[in-house]
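Every chain is numbered from 1, with letters handed out A, B, ... down the list of sequences. Since we're looking at a predicted model, the values are computed, not measured.
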Amino acid sequence: MLEKPLTSHIRADGVPLTLREYELQGGYQSVRKALLNMTPQAVQAEVKTSNLRGRGGAGFNTGLKWSFVPLDAPKPKYLIANADEMEPGTFKDRLLLESAPHQLIEGMIVSAYALQADTGFVFLRWAYHTAAKAINIAIAQAYQAGYLGQNILGTGFNLEMHLHTGAGRYMCGEETALLNSLEGKRATPRAKPPFPQVSGLFGRPTIVNNVETLCCIPHIITHGAEWFQKLSLTADAGTKIYGVSGKVRKPGLWELPMGTTLRELIEEHAGGMQDGLSFRGALPGGASTDFLVRDHLDVRMDYPSVAAAGSRLGTGTVIVLDDKTSVVGFVRNLIHFFAQESCGFCTPCREGLPWIEKILQAMQSGDGRKEDIPMLELHTRLLGPGNTFCALAPGAMEPLQSALKYFREDFEAYIREHASLEHITV
Amino acid sequence: MLTGEEIIEIEKAIHVVPHRQAACIEALKIVQTKRRWISDDSLKDIATFLEMSPAELDSVATFYNLIFRKPVGRHVILVCDSITCWVMGYEKLHEYLQAKLGIRHGETTQDDRFTMLPNPCLGTCDCAPALMIDHDLYRNVTPEQLDEILERYA
């Protein structure tokens, strides 16, 4: 069962294992191994060698991210699990949080040891009530078993852990906005530098990692970096929890080798398209990724391959566009989300996104004009990377710019139909 | 006035952070759980307790989608309106609820039973469309099931 390390111990009914049951399946071994036999530096080195990349969407090398935390800085230092899963079309962390909470706690203990952090927070989105219960129970059991608290396993290493549930805002998933939210502020992004590794939560060194990323850590430490790399089909190491949603026969989540093709996900695991529908395109990893189309079905779903195809792996949860769904409506729904969730902190995002939504709305209601397409294209540049404070608006531009590239005729048709209607009424 | 129970819970939240103000979102949620929403009076009481100005606390309270600064009904229906639920036809659920309850998004039924609100992706896209009532998640919902589901909430 080692080829599915993250999910093989998850029960079919999804009910989380108790700490004792989890231990019997090999759980918490990595805590013993790391704390009793390895230095923090050695744990960091193992993770760096494993080539684990962040599963939250950005894909930054986890070991490298960790290496910017000054190990000798005085405490407190913080480790935060980003469990604010709110990227539209993304539902992978929910599984790990609800059904494998001890794996996350184990990953956080080992990671905190590697970083010499003394306080951990799980930042969980409000809507995940089942997960909140599971994590609270797991934390309590870990304290009781001596895996959390003072002098863990008699090593002198201390770690306190808390669950924080959010109050509902997509921005909280952005690393620095999350820190502001944990400090009891509006979730607006911070200027970098300073980076959180040096000055993060309450001005202290802080690491924020995605849930799935942290869940990989126990397995890397228990079985080694080399083993972890071999799980993958490509240069990006490990397995990935992929998902498919939309009008396919069997939407779902599957832990598969990193580098599985988009075709295999959709045709094999998701059972292909529903009857009478054909595949038109897909967002490979959540709402803020560029469309891939039929020509890309054989692209391997890892970071460099999806990037070479002009998109991003993102969260690895695919949203499928079928041939009977309106492209303009699809993109408008995405833009509506981003416009609503924009924190309003910087102008291009706050003003630009509602403007785009209005243009798309006008197209849909038959008021589209020829100038609209160049205007949308202008927005994809003005709201693109480098012009905004954080990645929200540039992320929102990814599905729009790629829809204009691959499905331009759909936008043109909306405008043309309007023109012909107008001609008739005149 | 904050109740004794509220004060105990807020103190617990203050305990895990380095200063009182950092617990303000937690405090808002604690008070909202007991009183359904955050009135101006509640806001002022929490602000005083956390040694912040009401305006400062309100800037936080109004930022978050699920802190309610207006009264809501006994039960809050959150209808997921994000991409996969849209593709899978959430609009039919929304229209059905609108007709059945006679309210639009942001409104409360006259008997104070339900408030309906749009909500971003609930993270259960393989079972779309989805909605939440209070803390209960409903997946693969069809309009036909809604009558029976609503019955469960008095």
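- At a cut-off of 3.5 Å, with distance as the only test, a side-chain donor of B:N65 or A:E341 sits close to an acceptor on the other residue.
- Neither the backbone nor the side chain of A:T119 comes within less than 4.5 Å of any heavy atom of chain B.
- Considering only heavy-atom pairs separated by less than 4.5 Å from chain A, the leading option among B:E26, B:M52, B:K29 is B:K29.
- Using a 4.5 Å cut-off between heavy atoms, A:E87 contacts chain B through its backbone alone, with no side-chain atom that close.
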Run the side-chain contact (heavy atoms from CB on, under 4.5 Å) check on B:M132 and A:H129 step by step: do they pass? CA-CA 11 Å; B:M132 262 180 105; A:H129 298 289; 3.1 Å; yes
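- Ranked by non-hydrogen atom pairs under 4.5 Å with chain B, the options A:G344, A:P76, A:A287, A:G246 are led by A:G246.
- Neither the backbone nor the side chain of A:A270 comes within less than 4.5 Å of any heavy atom of chain B.
- Only the side chain of A:Y78 comes within contact range of chain B, with at least one heavy atom under 4.5 Å from a heavy atom of that chain.
- With a threshold of 4.5 angstrom between heavy atoms, A:R94 approaches chain B through side-chain atoms but not through N, CA, C or O.
- Shown here is B:K12, whose NZ atom has no more than 12 heavy atoms of other residues, nucleotides or ligands within 6.0 Å.
- When the candidates B:V17, B:L122, B:T124 are compared by the number of heavy-atom contacts under 4.5 Å with chain A, B:L122 comes out ahead.
- Ranking A:S326, A:A187, A:G329, A:G252 against chain B, the residue ahead of the rest is A:A187, based on heavy-atom pairs under 4.5 Å.
- Interface remark: of the candidates B:C80, B:S82, B:A27, B:S82 forms the most heavy-atom pairs closer than 4.5 Å to chain A.
- Of the two parts of A:T165, the backbone and the side chain both hold a non-hydrogen atom closer than 4.5 Å to a non-hydrogen atom of chain B.
- Rounding to the nearest 0.5 Å places CH2 of A:W126 at 10.0 Å from CD1 of B:I67.
- Here the closest heavy-atom approach between residue A:F91 and residue B:G123 is recorded as CB-O, 3.1 Å.
- Annotation: the span from A:K185 atom NZ to B:F63 atom CZ amounts to 13.0 Å, rounded to 0.5 Å.
- Atom CG in B:L66 sits 10.5 Å away from atom CZ in A:R169 (nearest 0.5 Å).
- Inter-residue side-chain proximity for A:S181 and B:I25 is flagged as met; some heavy-atom pair is nearer than 4.5 Å.
- Atom CD1 of A:I319 is separated from atom SG of B:C121 by 7.5 Å, given to the nearest 0.5 angstrom.
- Atoms CG and CD1, on A:L283 and B:I83 in that order, are 7.0 Å from each other to the nearest 0.5 Å.
- Heavy-atom distances place both the backbone and the side chain of A:F330 under 4.5 Å from chain B.
- The line from OH of A:Y128 to NE2 of B:H135 is 15.0 Å long, rounded to the nearest 0.5 Å.
- Under the 3.5 Å distance criterion, the side-chain polar atoms of A:Y170 are left unmatched by any main-chain donor or acceptor of B:P120.
- Counting only distance, with no hydrogens or angles, the side chain of B:D126 and the backbone of A:S245 share no donor-acceptor pair below 3.5 Å.
- Side-chain atoms of A:N333 come within 3.5 Å of backbone N or O of B:D81 as a donor-acceptor pair.
- Contact of B:L137 with chain A is made through the side chain alone, with heavy-atom distances under 4.5 Å.
- Proximity to chain B is limited to the side chain of A:T325, based on heavy atoms less than 4.5 angstrom apart.
- Proximity to chain B (any heavy atom under 4.5 Å) is restricted, for A:C172, to the side chain, taken from C-beta onward.
- A:D322 touches chain B through its side chain: at least one heavy atom from C-beta onward sits under 4.5 Å away, while N, CA, C and O do not.
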